[in-house]
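The structure appears below as structure tokens.
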Amino acid sequence: MAGRSVLVLGGGMCGVGVAWHLLQRGFEVTLVDRRGPGEETSYGNACLIQRECVEPHEFPHDIRMLARIGLGRDNSATYHWDAMPGLVRPLARYWLNSRPGRYRSIVRSYEALIRHCLSEHAPMIEAAGAEDLLARVGFKQLIPTEADFDAQTTSARRLQREFGVNSVALDADALAASEPALRVRMAGAIHWTDPWLVRDPGELVKRYAALFEREGGKIVQGDAMTLARKGSSWTVGTDAGSIDASSAVIALGPWSDQLMTKLGYDYPLFIKRGYHLHYKPDVRLNTPVMDPVAGMVVVPAKRGTRVTTGAEFAKLGAAPSPRQLVGAEARARELFDLGRAVEDAPWLGNRPCTPDMLPVVGAAASHPGLWLHFGHAHQGFTLGPATGRLLAEMMNGETPYIDPHPYTPSRF
Ligand SMILES: Cc1cc2nc3c(=O)[nH]c(=O)nc-3n(C[C@H](O)[C@H](O)[C@H](O)COP(=O)(O)OP(=O)(O)OC[C@H]3O[C@@H](n4cnc5c(N)ncnc54)[C@H](O)[C@@H]3O)c2cc1C
């Protein structure tokens, strides 16, 4: 076992992102996943590298919105009753962190990562030969009512001023002209022009993983839950037998918590679930559109028109509930001539969330050689390469390109 050998546990965007960056620094890297790379949360998202999302999803403080969610009248956030007792602690902290003063400081730390998302994906896309999966078209955030138009355009202008996020305000006519498939007249839309559409997000992770293998990395199937200390190194059980390494990175997305608990840590992690389904024939969209009424995104994806949903608070592994996608599909049919579902059942995934909306990136507090890379919530597909580089630099003893302090694991 080499002194600079690493086990990266988890082959989603976050695991593959850090694995590739470690390889660039001369580490001997083995990526371990129980499935193939990019087949879980990083497969099923809304297909966006979200350069515009400098402000993470905060806990709502608007009483009317909370009441609507509580009464089950808001499709963008739904919940299972039986999950609520376990969510009280993390959601209380999430709520506190969403108060204006604290939230502004979180935004600064989030923006410090988001600002690098395109420039960190770009070299990987090029080296992986994945340009064919991309469309640099941004996305449109629909504004259904005139009452909201001024507030939304003012907010978009503020993001441009403060963070250099680019957008174009479209009035009703401009929106209708730019998306002729839209059959409901809206007040307008904000066209965020920076984000990139990835027509098949799971395939992008697979291309990155193939690049990692071509450049000398190893990918094996195995169970991360078997990770154990062995003297001063780490060992994990895989289909190729036990593999030892001097360091290990936990990048198990929504499952990271299970291994952290087994190792004796108590992190207030929680999940926000989300669904998608594809429809054919394709709606002719020039960009993805985000609709606030149903909390959905409608995406011109490779497998068809992908309709994705907002957040469902539930236990990891609980049975799917059709409600949120039913609501999103009904709204999508109002807005577009939506075809027939491609799959028999919706895909279900879990956004891995932390109460302060920031990912966990850095060394584990009580285990030498153990590193953490999870909790990327709504933007892990966007951020995997950027935080992967940050962690690889820390593991290599370099001066990190971003101040790592806000993401330190010991803050919990
Ligand atoms: C509906 C929806 C829409 C979204 N839209 C966007 C978007 O547009 N843009 C964006 O940036 N983000 C989006 N996200 C969030 C994003 O998808 C996630 O933040 C991101 O995919 C998390 O990546 P990850 O690598 O941490 O986790 P994952 O992709 O889930 O990877 C974790 C890996 O760990 C493996 N694993 C788990 N347990 C074990 C074990 N015991 N042994 C071995 N392997 C194991 C899994 O097989 C998996 O491959 C969305 C999420 C949802 C649900």
Side-chain angles (χ1 to χ4, degrees), residues 7-19 31-53 56-57 76 113-114 117-118 121 139 192 195-198 201-202 204-206 208-209 219-227 236-239 249-260 262 269 271-277 288 290 295-297 299 301 306-312 314 316-317 324-325 328 346-354 359-361 372-388:
L7 295 166
V8 174
L9 307 173
M13 184 56 93
C14 295
V16 172
V18 69
L31 185 72
V32 181
D33 200 293
R34 61 185 171 195
R35 307 179 55 158
E39 294 182 2
E40 289 281 1
T41 332
S42 300
Y43 158 79
N45 49 59
C47 308
L48 289 167
I49 300 180
Q50 285 191 265
R51 173 64 184 92
E52 92 300 344
C53 194
H57 289 261
S76 61
L113 298 174
I114 288 283
C117 67
L118 301 179
H121 270 283
F139 73 90
W192 302 103
W196 292 351
L197 162 65
V198 179
L204 183 64
V205 180
K206 285 195 185 300
Y208 287 174
I219 301 181
V220 293
Q221 287 205 319
D223 182 4
M225 292 301 286
T226 61
L227 183 76
V236 72
T238 75
D239 292 356
V249 178
I250 298 180
L252 296 168
W255 295 276
S256 301
D257 201 18
Q258 295 177 346
L259 184 50
M260 293 306 291
K262 187 173 170 230
L269 298 176
I271 52 159
K272 292 183 195 171
R273 308 204 306 181
Y275 299 81
H276 85 225
L277 207 52
M290 193 177 274
M296 65 169 181
V297 186
V299 186
R306 180 181 283 198
V307 176
T308 67
T309 72
E312 182 186 62
L316 187 66
Q324 215 177 33
L325 192 70
W347 171 87
L348 164 62
N350 310 278
R351 300 174 183 90
C353 300
T354 65
V360 176
V361 185
L372 312 181
H373 190 219
F374 54 77
H376 294 68
H378 290 255
Q379 274 83 42
F381 184 69
T382 297
L383 288 176
T387 55

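Just so you know, ligand 1 is whichever comes first in the structure, and atom 1 is the first atom listed for that ligand. Quick caveat: nothing in here was measured; it's all calculated off a predicted structure.
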Under 3.5 Å between some N or O of ligand 1 and some N or O of T41?
-> yes
If hydrogens are left out, which of R35, R34, Q379 has an atom nearest to atom 39 (C) of ligand 1, that is, the closest non-hydrogen atom?
-> R34
For the atom pair CZ (F381) and CZ (R351), what is the distance rounded to the nearest 0.5 Å?
-> 14.0 Å
At a 4.0 Å threshold, what atoms of ligand 1 neighbour a non-hydrogen atom of G222?
-> 42 (N), 43 (C)
Should one rank G44, C47, P195, G253 by closest heavy-atom distance to atom 26 (O) of ligand 1, which comes out on top?
-> G253
In ligand 1, the atoms that come under 4.0 Å of a heavy atom of A46 are 3 (C), 4 (C), 5 (N), 6 (C), 7 (C), 8 (O)
Nearest heavy atom to atom 1 (C) of ligand 1, choosing from Q258, H376, R351, belongs to R351
Over all heavy atoms of both residues, which pair between H373 and V361 is shortest? Give the atoms and the distance, please.
-> CD2-CG2, 4.2 Å
Checking T309 side chain against Y275 main chain: does a donor-acceptor pair fall under 3.5 Å?
-> yes
Please say which of I250, V18, D33 ends up in a side chain to side chain contact (heavy atoms under 4.5 Å, CB included) with V8.
-> V18
Please determine if L48 has a nitrogen or oxygen closer than 3.5 Å to a nitrogen or oxygen of ligand 1.
-> yes
Has the side chain of K262 got a donor or acceptor atom that lies under 3.5 Å from a matching backbone atom of M225?
-> yes
Residue-ligand contact S256/ligand 1, heavy atom below 4.0 Å = no
Check: D223 N/O within less than 3.5 Å of ligand 1 N/O | yes
For ligand 1, does W255 get within less than 4.0 Å through its side chain, its backbone, both, or neither, judged by non-hydrogen atoms?
-> side chain
of all protein heavy atoms, closest to atom 35 (C) of ligand 1 is D33 OD2, 3.2 Å
Which of parallel (below 30°), tilted (30 to 60°) and perpendicular (above 60°) describes Y43 and H276?
-> tilted
Answer yes or no: does an N/O atom from C14 fall short of 3.5 Å to an N/O atom of ligand 1?
-> yes
Tell me which protein heavy atom sits closest to atom 36 (N) of ligand 1, plus the residue, atom name and distance to 0.1 Å.
-> L252 CD2, 3.6 Å
protein heavy-atom neighbour closest to atom 42 (N) of ligand 1 works out as A224 N, 2.8 Å
Side chain, backbone, both or neither: which part of R273 has a heavy atom under 4.0 Å from ligand 1?
-> neither
Assess M13 for proximity to ligand 1: is some non-hydrogen atom of it under 4.0 Å away?
-> yes
Select the closest option to atom 18 (C) of ligand 1 among S42, G384, G12, A377, judged by heavy-atom distance.
-> A377
With only distance considered, is F381 within less than 3.5 Å of ligand 1 through an N or O on each side?
-> yes
Nearest-neighbour protein heavy atom for atom 50 (C) of ligand 1, which is reported as residue plus atom name and distance | N45 CB, 3.2 Å
